[in-house]
Amino acid sequence: MFDKSLTYHKSARGTEAMATRNAALTPRLRSMLILVDGKRTYAELAELGQLLGDYDQVLTQLADLGFIEPQAGAQPRATGAAAPATPAASTPGATPAAAPVSLADAKRFAVRLLTDMLGPTGEAICIRIEDTRNAQEFMAAIQKAESMLRQIGSAQKAERFAAEMASRRPQ
């Protein structure tokens, strides 16, 4: 059963379903599954998932189908509590010291950042980023995402995205 006080992440089945575009995932389920990252609280997922309709039902269905599961060692959290902000997110323009980043970590960060900025409307570009197989493809997808942000009239978001991604280039 879905426990609203825990933090959830994609299960192995959920990760595979995203990679293979599993037919069991309706567009609403897929959009919500993109938002589930193991860091967001129920309240954060509910806020981002409002455009999907009954977000509670969608999250419950994802849990019941085995696409999401409680984060390992997850402790119940107040559903209204916000996740702690990262230094880069709390200080505009701040970039952490560049450290080697794996392609998988860079993908996760980029998808989370775009999802935070665009919600479910960023699904197509998030899928493109998730499907990259090497650093060169990843950087091309990141440039496309930045361009898309500019085209939708959000130069500020595009600049923030570019600045945060500059320190997280995959090795």
Side-chain angles (χ1 to χ4, degrees), residues 7-11 14-19 21 25 27-52 55 58-59 62 67-68 71 74 77 80-171:
T7 302
Y8 285 77
H9 69 102
K10 292 174 189 75
S11 64
T15 302
E16 180 183 338
M18 290 297 295
R21 297 195 60 93
L25 283 176
R28 284 178 10 148
L29 290 175
R30 182 174 177 76
S31 293
M32 183 60 83
L33 187 56
I34 288 171
L35 298 173
V36 176
D37 63 359
K39 297 176 185 170
R40 291 191 177 100
T41 64
Y42 173 82
E44 292 168 322
L45 290 170
E47 182 180 332
L48 290 170
Q50 286 178 352
L51 295 174
L52 300 174
Y55 55 82
V58 174
L59 286 166
L62 285 171
F67 291 120
I68 62 174
Q71 188 73 8
R77 292 171 57 168
T86 60
S90 62
T91 309
T95 53
V101 177
S102 71
L103 179 60
D105 287 342
K107 286 182 189 183
R108 273 191 292 277
F109 181 81
V111 167
R112 178 179 168 101
L113 187 57
L114 283 171
T115 303
D116 286 347
M117 291 177 167
L118 300 172
T121 60
E123 179 180 5
I125 193 68
C126 288
I127 291 169
R128 184 179 200 159
I129 290 168
E130 289 172 339
D131 287 345
T132 61
R133 296 176 303 240
N134 57 47
Q136 184 177 4
E137 287 179 7
F138 174 80
M139 291 312 298
I142 292 303
Q143 289 173 346
K144 177 74 174 169
E146 183 183 348
S147 173
M148 184 190 79
L149 285 167
R150 288 189 195 289
Q151 288 176 356
I152 63 171
S154 186
Q156 184 179 16
K157 284 183 181 180
E159 288 171 20
R160 178 178 161 229
F161 179 75
E164 293 203 31
M165 291 310 304
S167 64
R168 291 175 177 84
R169 295 180 188 265
Q171 298 297 328

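For the single chain, residues carry numbers from 1 onward in sequence order. Note: hydrogens, waters and symmetry copies are ignored here, and every other heavy atom, side chains too, is used.
Between Phe161 and Ala110, the shortest heavy-atom distance links the atoms CE1-O, 4.2 Å. The two residues Ala141 and Ile129 come nearest to each other via the heavy atoms CB-CG1, 3.8 Å. Scanning both residues, Ile125 and Ala145, for their nearest heavy atoms gives CG1-CB, 3.6 Å. Contact between Leu103 and Pro170 at its shortest, heavy atoms only, is CA-CB, 3.7 Å. Taking all atoms of both residues into account, the shortest heavy-atom contact from Ile34 to Lys10 is O-NZ, 3.7 Å. Nearest heavy-atom pair across Arg150 and Ala158 is CG-CB, 3.4 Å.
Here OG1 of Thr15 is found 11.5 Å from CD1 of Ile68. Values are rounded to the nearest 0.5 Å. Atoms CG and CG, from Leu45 and Asp37 in turn, are 7.0 Å apart once rounded to the nearest 0.5 Å. Note that CZ of Arg168 and CZ of Phe138 are 10.5 Å apart. Values are rounded to the nearest 0.5 Å. Here the CG atom belonging to Leu62 is positioned 11.0 Å from the OH atom belonging to Tyr8, to the nearest 0.5 angstrom.
In this view, Arg28 satisfies the salt bridge (charged side-chain N to carboxylate O under 4.0 Å, His left out) rule with no residue, not counting sequence neighbours. Not counting sequence neighbours, the partners of Ala162 by the side-chain contact (heavy atoms from CB on, under 4.5 Å) test are Glu146. Under the side-chain contact (heavy atoms from CB on, under 4.5 Å) criterion, Ser31 pairs with Leu52, Pro120, Glu123, sequence neighbours left out. Evaluation of the side chain to side chain donor-acceptor pair (under 3.5 Å) rule for Ser102 yields Asp105 as partners, not counting sequence neighbours. Remark: Leu118 pairs with Leu114, Thr121, Met148, Leu149, Ile152 by the side-chain contact (heavy atoms from CB on, under 4.5 Å) rule, at least two apart or across chains.
Under a 3.5 Å cut-off, the side chain of Arg40 and the backbone N or O of Leu35 do form a donor-acceptor pair.
Counting only heavy atoms from C-beta outward, the side chains of Tyr55 and Leu48 never approach each other to under 4.5 Å. Arg21 has its side chain within reach of Arg30: a pair of non-hydrogen atoms, C-beta onward, lies under 4.5 Å apart. Side chains of Leu25 and Phe67 form a contact here, defined as non-hydrogen atoms less than 4.5 Å apart.
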Test side chain to side chain contact (heavy atoms under 4.5 Å, CB included) on Ile142 and Arg169 and set out the steps.
CA-CA 10 Å; Ile142 292 303; Arg169 295 180 188 265; over 6 Å; no
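Every pair passing side-chain hydrogen bond (donor to acceptor under 3.5 Å, both in side chains) that includes a residue from residues 129-140 is listed here, sequence neighbours excluded: Arg133-Glu137.
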